[in-house]
There are 2 protein chains.
Amino acid sequence: MTERSVLNLKNMVPRTEQQYEQIREQKRDLILQAALELFADEGFHSTSISKIAKSAGISKGLMYNYFESKEALLKEIVISGFIDLTGTFDPNHDGILTTEELEFFINQTFETLKSNTKYWKLYFAIMMQPSVLKMFEDDFAKIIRSIFEMLEEYFRKKGYENPELESKLFGAILDGLAFHYVTDPSNFPIEEVKKTLINRYVRKH
Amino acid sequence: MTERSVLNLKNMVPRTEQQYEQIREQKRDLILQAALELFADEGFHSTSISKIAKSAGISKGLMYNYFESKEALLKEIVISGFIDLTGTFDPNHDGILTTEELEFFINQTFETLKSNTKYWKLYFAIMMQPSVLKMFEDDFAKIIRSIFEMLEEYFRKKGYENPELESKLFGAILDGLAFHYVTDPSNFPIEEVKKTLINRYVRKH
DNA sequence: TACTTTTGACCAAACGTTCAGTCAAAAAAT
DNA sequence: ATTTTTTGACTGAACGTTTGGTCAAAAGTA
């Protein structure tokens, strides 16, 4: 105590920075979680800042201590989620997709589909709204393009007749399955579908 | 004019009513078209009644002469569009899907995808918002269920190992392709994908 | 005149955002 | 040990704006 006061003559801090930082981070996560849930369930425009604040157990005003705006809040949720989602593709970042990596990616995708359904919902909703999508497409485009290039190369290596077509078909199938799953999870045989997909694209050829 | 008044003795406002009706119908279609376009591009909540009115070339107040509310307007667009879309499935309404009918349905689906992209966009956006979807799910559920039942029966008849799984996979693939097409039509090889799909599901087995 | 159609000013409600001020907690001074 | 000072998380009333919806009046048509 006396030590500190000697050491911190200039820096007069009532609560330690660490403490503040910890409180802030926890609360930030709380807000992000509440916002994701509401954005996914009710849509971006139908979800008011007040509703998010209430769901996170804080005041409306405090929201603006943590996030610059409602848009900035959405942006952080969507972009960080997208990076999480696509991060399991080509995990060693060598630009080449092996059979094992593709199987791993499919497995991971279905795993996040179950564990993070809310994010997938939000993602699909955003992809359908050009006025909102503009906020993200720069961030998305690069990642998506590189994924499709690697997929194409994978199918070429595997001897498919039309690799470009096959890569787009594969992407569409994966998104279609995800779409149907989030629309009605209880009636979708996700495990069997996953097996079928792996059999069709990984084991064969 | 004198001619007309002679011809219409009993009906005090006869031919005029016809004219009015025709004008009304035309204007209604104009509004529906403008609204579909805006709802699809900007989203339901971001599209104001004023914007639709301006786009249709009429006043805001007149909108309420043609539609009870903004919600009723959306409802009519979505439901009538959905009926149009699914009407080409089992066209003779005998509850049984033939090979030719399935091929016809796939062709029709891809045709509407190209000619009615805006509707598909709106449909996907709505499917992702439970709070909005509630307005429609009663109307959708019956149709969707019957389609999947017929698909399942089709695959059973064709000798597929797991018809239920296969029908859900087929539905997901079709929606996935539609989703990717409306997201970026210019980069999607829709014709080749259609051929591949028909080859895979109609010609084989 | 009798009618329908059309307009845009108007309303209450809800929105995102701001901000003056409160508070508990901890450091510093006593 | 006690008191004072300093901090930033936190609140909610208030703001300007936009919204879906209404309505009296004007315009058009017979």
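Throughout, a chain's letter reflects where its sequence line sits, starting with A, and its residues are numbered from 1.
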Atom-pair distance (CE on B/Met63; C1' on D/dT22), nearest Å: 15 Å
Closest listed nucleotide, where the reference is the side chain of A/Arg24 and the choices are C/dG16, D/dG20, D/dA9: D/dA9
Salt-bridge contact B/Glu191-B/Lys194 (side-chain N to carboxylate O under 4.0 Å): yes
Touch class at under 4.0 angstrom, heavy-atom based, for B/Thr47 against every strand present: sugar-phosphate
Heavy-atom neighbours of B/Lys54 NZ exceed 12 at 6.0 Å: no
Protein-nucleotide distance (A/Lys70, atom NZ; C/dT17, atom P), rounded to Å: 8 Å
A/Gln26 CD to D/dA9 C1', straight-line distance once rounded to whole Å: 14 Å
Side-chain N,O (A/Asn65) to OP1/OP2 (D/dC10) below 4.0 Å: no
Sugar-phosphate, base or nothing in reach of A/Ser69, heavy atoms under 4.0 Å: sugar-phosphate
Pairs where residues 67-96 of chain A contributes a residue and the test side chain to side chain donor-acceptor pair (under 3.5 Å) is met, not counting sequence neighbours: A/Arg28-A/Glu76, A/Asn92-A/Asp94
All pairs passing side chain to side chain donor-acceptor pair (under 3.5 Å) where residues 122-139 of chain B contributes a residue, at least two apart: none
Rounded distance in Å - NZ (B/Lys54) to C1' (D/dT18): 14 Å
Spacing between A/Ile49 atom CD1 and D/dT11 atom P, to the nearest angstrom: 14 Å
Nucleotide D/dC10, atom C1' - distance to CZ of A/Phe67 in whole Å: 16 Å
Whole-Å gap separating C1' (D/dG20) and CG (B/Leu73): 12 Å
Step-by-step ring-ring contact (aromatic ring centres under 6.0 Å, His included) determination, A/Tyr181 to A/Phe110: CA-CA 10 Å; A/Tyr181 175 74; A/Phe110 278 83; 8.3 Å; no
Any A/Tyr64 side-chain N or O less than 4.0 Å from OP1/OP2 of C/dT17: yes
For atom CD of A/Glu42 and atom P of C/dC15, their distance in whole Å: 12 Å
Main-chain N/O of A/Lys51 paired to A/Ser55 side chain as donor or acceptor, under 3.5 Å: no
Short side-chain N/O contact to C/dT5 OP1/OP2 from B/Lys27, under 4.0 Å: no
Please tabulate the protein-to-nucleotide N/O contacts below 3.5 Å involving nucleotides 8-14 of chain C, giving atom names and distances.
none

A/Asp184-A/Ser186 side chain donor-acceptor pair, cut-off 3.5 Å: yes
N/O (side chain, B/Tyr66) to phosphate O (OP1/OP2, C/dT6) under 4.0 Å: yes
